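Note that the coordinates shown come from a computational prediction; the quantities given were computed from them, not determined experimentally.
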Amino acid sequence: MTEQTALYRLYDADDRLLYIGITKNLEQRWTGHRYSPTSSKWWPDVVRKAIEWHPTHEAADAAETAAIEAEDPLYNRAKLPYRRRPHRTRLSPELDWKTRLEDPYSKQAARILAAEIESGAIQPGEVMPSAKDLHNRFGLAVGTCGEVLRSMAAQGLIHRRKHAGRYYCARPGEVSSLRPEPKSEPPTGREVASQLQAISVDGIPVEAVERRRRNRRWSRTVLGAHLQMRPYSLDPVAGQPHVNVELGPNEIVELDADGLAAFIEQVEAQCGALRELHDRLLEAQRHRAA
């Protein structure tokens, strides 16, 4: 015998459709909503339930799919087209969610806060709600709430005090002095290095380069040397000329004049030993060939 299946709709006090689902046991389903990690957040808002009974589970499932696609409940995740799956939080009746495309949520929230400042609900010098507080109030993302506060600061309605992370309501006469000033970004090492290519010390051109990260997969340097100056500075006196000797892909030795001279002597001695070894190798090859 086929059991009947219920199609139910849950509404809040403003008669907004919160959820559509199906079940064979309504009481068990209500308990599941009450203690579920997701539906327990909005379950206290439910004030009305509409229930339809269908003869089979398949019929109820088809009716549920059609109802979700047509009525767009607030908290359903499954059976929604991909383009209509927003990340939803607790909704605020202060915002007009039907005109969200023409009038973004952030602008609506900023107007509400500006009206509260104008009406005196938020007094001059009073600390403003944080982005987390606005998230809990309006149901917007924390990042969006941060944009609301920054836009209000740009208008001079609020400001952030020195060494304080919170925003405060602006006092009369502070508007003109509270607009954020654009910060100049410091030049990168590559940009500074490009300005130092023409530096020379005692007529010797000095290569000012950015410190590079070595990787064995692309670096094949066995032995290299570059005359460089560091730190990056437009003043040649402030920089220290030196030679970077690259012994391998991941080993760089910085040498001054005396250190470079000692390194050359070591290399010359090793080259002499390598020549002797090369001669012995040639002799061994000739002896083997004979």
Side-chain angles (χ1 to χ4, degrees), residues 1-116 121 129-151:
M1 179 177 178
T2 304
E3 294 186 66
Q4 289 185 333
T5 303
L7 169 66
Y8 62 90
R9 294 174 174 85
L10 305 178
Y11 297 87
D12 63 2
D14 297 328
D15 208 35
R16 290 181 299 184
L17 179 60
L18 301 180
Y19 191 83
I20 297 177
I22 59 175
T23 183
K24 295 181 181 180
N25 189 326
L26 291 174
E27 294 301 327
Q28 184 178 0
R29 187 58 170 162
W30 304 153
T31 303
H33 280 307
R34 185 177 297 109
Y35 296 105
S36 170
T38 55
S39 59
S40 60
K41 299 178 181 179
W42 51 262
W43 177 254
D45 298 336
V46 177
V47 298
R48 185 169 70 90
K49 307 179 183 71
I51 302 172
E52 300 176 4
W53 288 96
H54 293 265
T56 61
H57 176 81
E58 291 75 12
D61 183 71
E64 178 194 30
T65 302
I68 291 175
E69 294 180 354
E71 301 174 35
D72 192 17
L74 294 178
Y75 294 110
N76 278 87
R77 294 293 183 268
K79 299 186 178 181
L80 275 177
Y82 180 79
R83 64 181 182 278
R84 295 168 55 195
R85 290 184 182 178
H87 177 72
R88 293 177 178 175
T89 56
R90 184 181 296 273
L91 306 178
S92 171
E94 298 180 82
L95 302 180
D96 187 0
W97 301 88
K98 296 181 181 179
T99 61
R100 56 185 179 272
L101 298 180
E102 298 79 9
D103 191 11
Y105 304 146
S106 57
K107 293 184 178 180
Q108 296 183 39
R111 286 199 304 270
I112 293 173
L113 295 176
E116 293 179 354
S130 65
K132 183 64 176 178
D133 296 334
L134 296 180
H135 163 73
N136 296 331
R137 173 181 175 181
F138 294 116
L140 301 176
V142 176
T144 303
C145 296
E147 294 179 3
V148 172
L149 295 173
R150 288 190 292 270
S151 65

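- Residues satisfying the side chain to side chain contact (heavy atoms under 4.5 Å, CB included) test with Asp61, not counting sequence neighbours, are Ile22, Glu64, Thr65, Lys79.
- With sequence neighbours excluded, no residue forms a salt bridge (charged side-chain N to carboxylate O under 4.0 Å, His left out) with Glu147.
- Applying the salt bridge (charged side-chain N to carboxylate O under 4.0 Å, His left out) criterion to Asp14, with sequence neighbours excluded, gives no partner residue.
- Here Arg34 pairs with nothing under the salt bridge (charged side-chain N to carboxylate O under 4.0 Å, His left out) rule; sequence neighbours left out.
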Is there a side-chain contact (heavy atoms from CB on, under 4.5 Å) between Leu113 and Val148 once you walk through the steps? CA-CA 9 Å; Leu113 295 176; Val148 172; 4.0 Å; yes
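- In this structure, the side chain to side chain contact (heavy atoms under 4.5 Å, CB included) partners of Asp133, at least two apart in sequence or on a different chain, are Pro129, Ser130, Arg166.
- No side-chain heavy atom of Thr23 sits under 4.5 Å from any side-chain heavy atom of Gln28.
- Between Ser36 and Ser39, the shortest heavy-atom contact is CB-OG, 3.0 Å.
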Worked verdict on Trp30 versus Lys49 for side-chain contact (heavy atoms from CB on, under 4.5 Å): CA-CA 11 Å; Trp30 304 153; Lys49 307 179 183 71; 3.4 Å; yes
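- Among residues at least two apart or in separate chains, there is no salt bridge (Lys or Arg N to Asp or Glu O under 4.0 Å) pair with a member in residues 22-33.
- Residues satisfying the side chain to side chain contact (heavy atoms under 4.5 Å, CB included) test with Glu94, not counting sequence neighbours, are Ser92, Ile112, Arg137, Phe138.
- A distance of 4.5 Å separates CG of Leu26 from CD1 of Ile51, quoted to the nearest 0.5 Å.
- For His33, the ring pair (Phe, Tyr, Trp, His ring centres under 6.0 Å) partners are Tyr8, Tyr19, Trp42, Trp43, not counting sequence neighbours.
- Judged by distance alone, with hydrogens and angles left aside, the side-chain atoms of Asn76 form no donor-acceptor pair with the main-chain N or O of Asp72 at under 3.5 Å.
- How far CG of Asp45 is from CG of Leu10: 11.0 Å, rounded to the nearest 0.5 Å.
- To the nearest 0.5 Å, atom CD of residue Gln108 and atom CG of residue Leu95 are 5.0 Å apart.
- Under the side chain to side chain contact (heavy atoms under 4.5 Å, CB included) criterion, Ser151 pairs with Ala110, sequence neighbours left out.
- Taken to the nearest 0.5 Å, the OG1 atom of Thr5 stands 11.5 Å off from the CG atom of Asn25.
- The shortest non-hydrogen separation linking Ala131 to Leu149 is N-CD1, 3.9 Å.
- Evaluation of the ring pair (Phe, Tyr, Trp, His ring centres under 6.0 Å) rule for Tyr105 yields Trp97 as partners, not counting sequence neighbours.
- If you run side chain to side chain contact (heavy atoms under 4.5 Å, CB included) between Arg48 and each of Asp15, Asp12, Leu18, only Asp15 comes through.
- Of the inter-residue distances, the one linking Leu7 atom CG with His54 atom NE2 reads 4.5 Å to the nearest 0.5 angstrom.
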